[in-house]
Peer 1: 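This structure is in structure tokens; I'll ask about it shortly.
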2 protein chains.
Amino acid sequence: MTPRARRSPRRTEALSRERIVEAAVELLDTAGESGLTFRALTERLSTGAGAIYWHVANKGELLAAATDAVVAEAVSADVSSPRSAGSPRDGVRAVALGLYDAIEAHPWLATQLALQLSRSPGGPVAPRIFEGIGRQVGALGVSEDGWFTATSVLVHYILGAAGQNAVNTESGRALGPGVDRARFLDDVSAQWEQLDPDAYPFTRPVAHRMRGHDDREQFLAGIDLVLAGMAAR
Amino acid sequence: MTPRARRSPRRTEALSRERIVEAAVELLDTAGESGLTFRALTERLSTGAGAIYWHVANKGELLAAATDAVVAEAVSADVSSPRSAGSPRDGVRAVALGLYDAIEAHPWLATQLALQLSRSPGGPVAPRIFEGIGRQVGALGVSEDGWFTATSVLVHYILGAAGQNAVNTESGRALGPGVDRARFLDDVSAQWEQLDPDAYPFTRPVAHRMRGHDDREQFLAGIDLVLAGMAAR
DNA sequence: ACCTGAACACCGTTCAAGT
DNA sequence: ACCTGAACACCGTTCAAGT
């Protein structure tokens, strides 16, 4: 927590895939998506480019590994949290908020998640999230058919909504999470309010709903809607 | 439909933003995301790089414009289609399938949509889709509160599910849409079936649901689930 | 087996110069 | 106002050479 903890990487440690992925996450967090370059990475790890390619096939694989590492932590963290000890519905909420928070903490995650899922759904990220959500949904006791559909809808909604609400500053978040976020949503709201009323008769009147606060509450309302649909089958 | 229709761009026409965007879409369709470079674009339009920069700020803006152009067509196309003349539920289905098909026809669209929405939600793409879906949802007659939430869930689900099911071959789709797609889903299914049973007790048993066919039906089942939740409020 | 780092191919963007 | 195209800065990746 000290301002300048760990400056130069300890050169004594040997290079490994884990250390490379760890450095990549740190670089993404501090310098944004455009900050992750092999040159920046070699400097941070005080090594050569070829050394990284010995452990990692290419940049795409590195980004996939970084995404998976962060998602794995986010999904597993809340599974047995005290909050999920409540109703099954609370369990779904807990995992959803875990992913929501992870995207808020790592702005690059929204984009990478979307890239990962659309470009290589066969990768490790999709089943990990699916399992995290599905585990909670399973506790609600429905048929396999309803379970699969509900979990699919929840996963896509969570990733999409959290991604769209994430402040993506490209150079890491600037101030505290609350401050930035409120201004960001205000901006989007203002832009939606300036839409042509004739072309956007439905969207314009609800633009104010994005204003300022309670995007978490709105996010959870969507989850409740899906759960209600599941119960109604 | 002839194999070699329009080879060299007619140099007589003046350059314009529309022609550039049109060429970008064609390039994305035929050569994939990595095929869209300013060099390929200048060659296709038989012009210089600076000429493009006169009409378009940078590559990001060009990709946003290409995405918006395709989405605008997809969303508007089905709004007054004969199929949406049925129940309001059919209207939602029609717009959803319109976007689904657009992503299938333009594999790069899934990625770009995700990038656009997560990186610049203030852009034109988000409200356009929101309006397209919301218009249909509005016909179902619910309170503004329920309307906003349901539309949000639907939009994210549609984009996420369609994106994940899209075959992304990076160099354009290879064969007919049906053939490729079935094999693609089979592959993903096979990979999910090889997951560790202990770590994935919920996901592995439903892997077979991705096999081969009827992903459209599964897609629509998710939409019905949301609509059921809306009615149950 | 693991690492070095110069070299290569390629890309987005700029800008002095033209019409 | 609109276009040309060479030049620049930067990037991912390779590979002969080292230990």
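Sequence lines set the chain letters: A, B, ... in the order given, protein chains first and strands last, and positions in each chain run from 1. For the numbers below, each heavy atom of this structure counts, side chains included, while hydrogens, waters and symmetry mates do not.
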Peer 1: Please report, rounded to the nearest Å, how far the C1' atom of dA7(C) is from the CZ atom of R39(A).
Peer 2: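 That distance rounds to 11 Å.
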Peer 1: Go through the steps to decide whether R204(A) and D198(A) satisfy the test salt bridge (charged side-chain N to carboxylate O under 4.0 Å, His left out), and finish with yes or no.
Peer 2: CA-CA 10 Å; R204(A) 225 188 59 112; D198(A) 292 331; over 6 Å; no
Peer 1: Base, sugar-phosphate or nothing for L41(B)? Non-hydrogen atoms, less than 4.0 Å.
Peer 2: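 Nothing, no nucleic acid heavy atom in range.
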Peer 1: Is the backbone of L36(B) close enough, under 3.5 Å, to the side chain of K59(B) for a donor and an acceptor to pair up by distance?
Peer 2: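 Yes.
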Peer 1: Charged N to carboxylate O under 4.0 angstrom, E43(B) versus R39(B)?
Peer 2: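 Not counted as a salt bridge, because no side-chain N and carboxylate O are separated by less than 4.0 Å.
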Peer 1: Distance check needed: dG12(C) P versus E33(B) CD, whole Å only.
Peer 2: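 These atoms are roughly 13 Å apart.
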Peer 1: Using the closest heavy atom to pick a nucleotide of DNA chain D for each, name whichever of K59(A) or W54(B) lands nearer the 5' end.
Peer 2: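 So the residue in question is W54(B).
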Peer 1: Please report the distance, rounded to the nearest Å, between CD in E61(B) and P in dG12(C).
Peer 2: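 Going from E61(B) (CD) to dG12(C) (P), I get 15 Å.
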Peer 1: Whole angstroms only, please: what is the CZ-P distance between F38(A) and dT14(D)?
Peer 2: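 Taking CZ of F38(A) and P of dT14(D), I get 10 Å after rounding.
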Peer 1: Which of these nucleotides, dG12(D), dC3(C), dC11(C), is closest to any side-chain atom of L15(A)?
Peer 2: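 Looking only at heavy atoms from C-beta outward on L15(A), the closest nucleotide is dC3(C).
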Peer 1: Please give, in whole Å, the distance from dG12(D) C1' to L62(A) CG?
Peer 2: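 Rounded to whole Å, this separation is 12 Å.
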Peer 1: Return yes if some donor-acceptor pair links the side-chain N/O of E193(A) with the main-chain N/O of A207(A) below 3.5 Å, else return no.
Peer 2: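 No.
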Peer 1: Is the H156(A) ring parallel, tilted or perpendicular to the Y157(B) ring (thresholds 30°, 60°)?
Peer 2: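 If you compare the ring of H156(A) with that of Y157(B), the planes turn out tilted.
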Peer 1: Can the ring centres of F130(A) and Y200(B) be said to be less than 6.0 Å apart?
Peer 2: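 No: the rings miss the under 6.0 Å criterion.
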Peer 1: For a quick check of understanding: with a heavy-atom distance under 4.0 Å over all strands, which category does L36(B) fall into, base, sugar-phosphate or nothing?
Peer 2: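 It contacts sugar-phosphate atoms only.
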Peer 1: Measure the distance from CG on N58(B) to P on dT14(C) and round it to the nearest whole Å.
Peer 2: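 One finds 8 Å between P of dT14(C) and CG of N58(B), rounded.
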Peer 1: Taking the P atom in each of dA17(C) and dC2(D), what is the distance between them to the nearest angstrom?
Peer 2: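 dA17(C) and dC2(D) have their P atoms separated by 22 Å.
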Peer 1: Output the distance between atom CD (E18(B)) and atom NE2 (H55(B)), rounded to the nearest 0.5 Å.
Peer 2: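 Rounded to the nearest 0.5 Å, the CD-NE2 separation comes to 9.5 Å.
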Peer 1: dC15(C) C1' sits how many Å from Y53(B) OH, rounded?
Peer 2: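 Rounded to whole Å, this separation is 13 Å.
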Peer 1: To the nearest angstrom, how far is L63(A) atom CG from dC11(D) atom C1'?
Peer 2: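 It works out to 14 Å between those atoms.
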Peer 1: What stems show up for DNA chain D when you take Watson-Crick pairs (N1-N3 plus N6-O4 or O6-N4) and G-U wobbles (N1-O2, O6-N3), both under 3.5 Å, and require three or more consecutive pairs?
Peer 2: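 Paired runs of 3+ in DNA chain D: C:4-8 with D:12-16, C:12-16 with D:4-8.
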